[in-house]
Amino acid sequence: MLNLENLSKSFRGGSFGSGAVPAVRQVSFSIAPGEVTSLIGESGSGKSTIGKMILRLLPVSSGRITFDGVDVASLEGSALKEYYRKVQGVFQDPFSSFNPVFRADRIFRMLEREYFGDLGAREWSAKLHTSLEAVGLNPADVLGKFAHELSGGQLQRLLVARALLLDIEILVADEVISMLDASTRVDVLNLLAGLKERGLGVLFITHDLSLGHYISEHTVILRRGVVLEIGETAKVFGNPQHSYTKMLLASVPRLHSHWEPLEPGEPARTGPRDAPRGRGRRARGQPLEPVPLLVEVEPGHLVAFEDGGTATAGDER
Amino acid sequence: MSKDTTTTKDDTAAPTEEGNTAPRHELVYFALRNRKLVIGLSIVGLLGLAAIVAPFSARSNPDAFVGPPMQPPSSSYLLGTTYFGQDVYSQLVNGLRQSFLVGIMGGGIAFVVATAVGFTAGYRGGAVDEVLNMLTNVLLVIPTLALLIIVGGYLKGTSIVFEAMFVGATAWPWAARAIRAQTLSLVSRDFVGLARLSGVRSWRIVVGEVAPNMSSYLFLTFILLFGNAILISASYDFLGFGPPGGVSLGSMMNLAFAWNALQLHIWWWFVPPGVAIMGIVGGLYVTNVGLDEVFNPKLRSL
Amino acid sequence: MRRYFARKLLTYFLTFFVAVTLDWGIPRLMPGDPIAGLLSKFQLQPSSYAVLHSSYTRAFNLGEPLWRQYLDFWRALLHGSLGTSIYAYPDPVTTVIRHAVVFTLALLLPATVLSYLAGNKVGAIAARRKLLDDTVLPFSYVLTATPYQWLALLLAFVLASVAHVFPISGGFSYSLVPTLSWAFLWSLLTHWFLPFVTLFLVGFGGWAIGMRNLIIYELDADYAHFLESLGAPRRLVRKYAYKNARLPQLTGLALSLGTIVGGAVVTEIVFNYPGIGWLVLQAINSEDFFLLQGIFLFIIVGVLLANFVVDVVYVLVDPRTRIGLQEGTR
Amino acid sequence: MSLDVQNLVVAYRTLRGDVRAVDDVSFSVADGEIMGLAGESGCGKSTLGNSLVRLDRTMRCLGGRALLDGTELPLSDWDAMDDFRFKKVSLVPQYSMSALNPTRRIGKMISEVVRSRKIRYKDVLPELERRLRLVGLPTDVLAKYPIELSGGMKQRVVMVLTTLLDPSLLVADEVTSALDVSTQRAVGGMLVELRDMGIVTSTIVITHDLSVLVQVADSVVVMYAGKLVERAPTATVVDAPRHPYTKLLIASLPEVGVRYAEHVLAGIPGHPPSLLDPPKGCRFADRCPLASAECAVEPPLVELESGHFVACWKAS
């Protein structure tokens with residue numbers, strides 16, 4: 001069980017750390033084994049930052065992440081290595097995940113060297129093949145090749161296979177299929193969904209609501225580093241409460257229905273992020289809006305309190 | 001790297017079976033076809049060869065007084081003789097040797113410092129980066145030659161090793177800055193994150209994952225540092241701070257100037273060393289550009 | 001923008017601090033007794049040796065504890081005192097340098113600015129134009145690889161020593177008394193010309209190459225392709241590319257100031273041009289170490305000032321730094 | 001008949017030979033039509049769209065032609081094409097975020113571009129300002145530098161600029177893919193409005209996202225490995241596709257409402273062939289569940305019913 005408690009992250013803006021730009025603010029949720037949790041947000045929402053903090057690729061500014069009760073920030077050396085045995089990640093750009101200078105197998109080599117030094121060559125090879133087959137890859141097709149000789153789908157599978165070599169309990173999947181071709185992305189998606197049947201907890205980070213809805217048990221809606229709605233996926237999608245969630249759902253293009261005509265004055269035209277931008281501008285300009293309180297509108301469904309109107313429980317339709 | 005640069009549109013053909021081994025063949029193909037690279041390498045190679053065989057091809061000890069003074073180039077004195085009657089050709093090939101040595105050693109030291117600073121700053125980031133960056137920027141502003149003036153003034157004669165160390169200590173900042181920038185961009189790539197997730201230690205990530213991705217860039221940096229070192233040491237020697245007794249391309253020009261070669265029209269005394277320096281440094285620069293064009297397809301076609 | 005300058009100024013102050021410390025420390029860090037080292041270069045009687053040794057010791061404050069020496073050095077410096085020159089005894093070092101600086105500036109400023117402007121223009125024109133590129137580029141490579149002192153020797157030999165078109169040495173004809181006469185000004189100009197050409201040519205090559213390469217990159221930038229898709233004529237695309245390529249060139253200018261100053265030093269020596277560089281040689285020959293130390297500081301301050309000027313120009317040319325500045329001050 | 005593309009072949013030149021990214025493609029776009037051009041990366045859709053406005057220097061047009069309002073576009077003649085660019089054909093590029101010169105104020109840049117086309121800036125300024133307001137941008141964006149704008153704002157500035165001279169043909173290349181869903185919707189709406197207001201006569205919208213095309217396009221062309229495989233009205237492509245590739249592609253797309261727990265979608269096994277040496281017959285054959293011997297011969301594009309073209313032996 002991986003818990004995020006009031007997790008916050010600020011990036012240093014400008015030189016000498018003067019001026020901090022908040023990226024994630026007081027985020028709390030947990031990733032349970034055997035479930036997929038979707039973390040949904042638009043660009044700049046801080047969703048990838050959360051993933052990187054879980055993977056200890058970025059330090060936490062305040063709050064904490066615990067894994068089986070232990071504060072992840074305190075892990076160093078061999079303890080951190082043991083954490084990585086249990087918690088692993090797959091990233092957005094499959095080509096960036098592979099060192100272009102080396103063959104794609106290097107991702108396995110590193111694990112072999114660091115974790116399986118005492119394993120015989122034959123045992124290792126058997127383990128590797130099992131893992132590759134588990135993600136639907138034929139070892140002969142992918143081993144010994146360079147990343148640019150393989151397709152994006154194959155590469156993402158290789159990365160999942162790499163994680164499966166370890167005894168992982170949590171997998172952080174950061175936009176893993178957004179760069180894949182339509183015809184192959186659903187296969188990788190199904191692969192991730194299948195992991196929960198092995199008892200793994202998956203954090204599925206995405207900007208695409210349809211993917212989140214397809215795959216996950218729990219959904220977290222994030223905007224500008226703040227959680228706006230969180231709960232069981234069926235409830236969040238079936239009975240969205242926050243105006244932002246509703247706007248997202250109304251805006252997502254669908255295959256079998258058209259966008260509802262825009263109501264006059266609806267914010268979609270100017271868009272929520274259309275404020276002129278500039279790094280650090282928000283931080284030094286107006287004061288930050290406070291992190292809203294989460295209100296439970298129905299069992300297992302929490303919504304951020306809005307000024308415009310209190311979230312109401314019950315089905316609107 | 002090659003992936004980003006060879007396919008600019010999303011619409012290029014998917015990787016192909018034939019494409020598997022192509023990039024390397026392509027590099028060789030473009031290398032051989034690149035006129036700048038071929039010309040630059042030939043010049044540097046020929047001069048380098050002359051420097052290596054200097055002890056055998058030189059007619060005499062460069063300092064020995066072999067004949068009548070101020071002889072113009074002739075069959076007996078290939079490049080004439082100096083004001084004192086030393087053989088210019090022998091001095092030249094020995095000077096070449098010295099220049100290459102200073103270039104390789106000085107450029108090498110500067111390169112090591114630059115990579116150490118650049119990698120550390122770029123990979124560690126944070127406060128370490130701030131401090132190293134500040135140090136780099138400070139040293140970047142102090143002109144090498146000015147520093148040389150006060151150092152040289154207080155030293156009684158120097159050696160090639162000293163010159164190399166001096167160059168190494170002063171010439172690295174721009175290279176460190178460039179390497180830092182490259183490292184920063186590479187560290188943000190996911191394969192570095194993945195290496196960390198695999199429990200690989202930091203120095204191993206830098207050496208094993210980051211550095212190989214900028215090997216061509218590092219090589220180009222070394223070439224430029226090499227050339228710089230030769231130019232700096234030539235100025236150093238021209239000011240008369242050079243190793244006593246030894247003959248370098250810079251000290252040849254210094255002596256020629258000091259003994260009125262201009263007024264006495266002994267042009268063969270100062271023209272050859274300058275041509276040699278220009279040949280090495282220019283050859284290195286052109287090689288650098290040629291290699292850049294080979295490594296970087298954007299620059300290739302035109 | 002305020003932050004941008006704050007950071008730059010901090011760097012410059014640090015640099016100055018480091019430079020002064022080096023200036024103070026290097027004579028003291030040299031192995032052995034620095035004064036004995038100095039004096040060993042003279043052919044001295046034992047009696048005069050002792051006198052000189054004790055006077056140098058006093059002059060360098062070597063009797064005091066190190067921290068004391070260091071503070072005294074700073075105090076003297078802040079009072080504008082760099083000691084007394086031996087070469088031009090009894091003039092103070094600052095006076096000697098001030099006389100030379102005029103000549104160096106008259107040489108460096110026009111040579112640097114004009115070679116920068118001309119190199120950029122020519123490089124921009126040559127980029128992506130086959131014929132020009134094939135001629136300008138090799139020429140530029142030869143120039144930029146040429147040691148300053150050698151080009152100076154070559155020009156002095158051909159145009160002065162052989163052809164007698166220009167005078168070979170000095171800042172003006174020694175037969176003339178410095179006055180505001182046409183004859184004197186003409187003499188200044190003719191003596192100035194060859195060193196100027198030397199600095200100009202070597203600098204020109206580097207700028208031309210840099211600009212040519214940058215333009216090729218810029219012409220492949222997204223905004224250039226977009227302009228093309230709007231049917232904008234090549235002239236406009238190139239104009240934009242040129243304006244954007246100026247920015248990294250300016251950074252390059254700041255980075256190469258040290259090299260340019262070094263070039264001026266050796267060039268002045270070749271032409272006996274009475275600037276800072278020539279002074280360096282005189283100081284070395286007459287073992288005038290106060291003068292050397294003073295020149296070092298002067299060069300540092302000059303380079304720092306030039307860096308600052310480039311920073312200001314950069315802000316004027318790049319609107320983005322100005323916007324960043326507004327954000328910072330709001 | 002606004003745009004008529006006939007047997008167009010566009011190739012990249014590489015060391016190993018020409019890569020035919022667009023291979024013998026024909027279609028037409030009517031006045032007032034928004035045509036979607038869909039396909040996976042590498043299928044040639046972007047090459048096709050771009051070649052109609054700005055044929056990259058690394059590309060060559062090896063055959064075929066494109067008629068705009070009855071006039072042939074001189075695709076291979078860079079200078080002659082300049083007469084058509086901006087005025088007749090315009091391109092909203094994939095890289096809209098970086099399409100504006102970073103060191104020029106936007107208004108200044110537009111005025112310089114307009115003037116370089118021998119048009120007085122004063123004459124178009126009122127219309128420019130009107131259209132900026134139309135897409136929800138304040139006119140003071142003209143006084144700003146690109147870095148002062150958000151991605152969505154830049155996207156809209158670029159769209160206003162490219163359509164300023166009321167082009168007959170607008171090619172919009174992946175204009176929605178880098179945007180958040182909310183901005184995506186605004187930009188999609190803009191494409192339709194530009195057509196509805198008669199500013200743009202015909203539009204080609206290139207995207208890998210079929211669900212965006214459902215929102216904006218009247219008809220869809222599906223490409224696969226450089227070939228046109230299916231062309232039909234949008235609703236037909238989505239609801240009754242006939243080419244096996246289109247069918248499988250649409251069946252593989254997750255949509256809000258579809259859940260793994262209830263209905264597992266399936267992708268298409270395998271990957272597209274190399275365009276350097278493409279297979280002789282149908283290019284989809286080795287991934288196609290219906291493939292048989294006759295697929296070794298290239299299937300022609302056949303009009304199965306009015307306006308519905310399919311290149312597949314198994315479709316009829």
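So that the names make sense, note that chain A is the first sequence line, chain B the second, and so on, each numbered from 1.
Contact annotation for A:Arg162: only side-chain heavy atoms (C-beta onward) come within less than 4.5 Å of a heavy atom of chain B. Neither the backbone nor the side chain of A:Tyr83 comes within less than 4.5 Å of any heavy atom of chain B. With a 4.5 angstrom heavy-atom cutoff, A:Leu159 touches chain B only via side-chain atoms.
A:Tyr84 is not listed as a side-chain neighbour of B:Ser198, based on a closest heavy-atom distance of 4.5 Å or more. Taking the side chain as every heavy atom from C-beta outward, B:Trp172 and B:Val112 never approach each other to under 4.5 Å.
A:Pro94 pairs with exactly one of A:Leu150, A:Ile177, A:Leu155 by the side-chain contact (heavy atoms from CB on, under 4.5 Å) rule, that one being A:Leu155.
Cation-pi contact between A:Lys81 and A:Tyr115: present, with separation from the ring centre below 6.0 Å and deviation from the ring axis of at most 45°.
Interface remark: of the candidates A:Ile107, A:Leu80, A:Asn99, A:Asn99 forms the most heavy-atom pairs closer than 4.5 Å to chain B. Contact tally against chain A (heavy-atom pairs below 4.5 Å) for B:Ser188, B:Ser215, B:Ala127, B:Gly208: the top residue is B:Gly208.
Ring planes of B:Phe222 and B:Phe111: perpendicular class, angle over 60° (limits at 30 and 60°).
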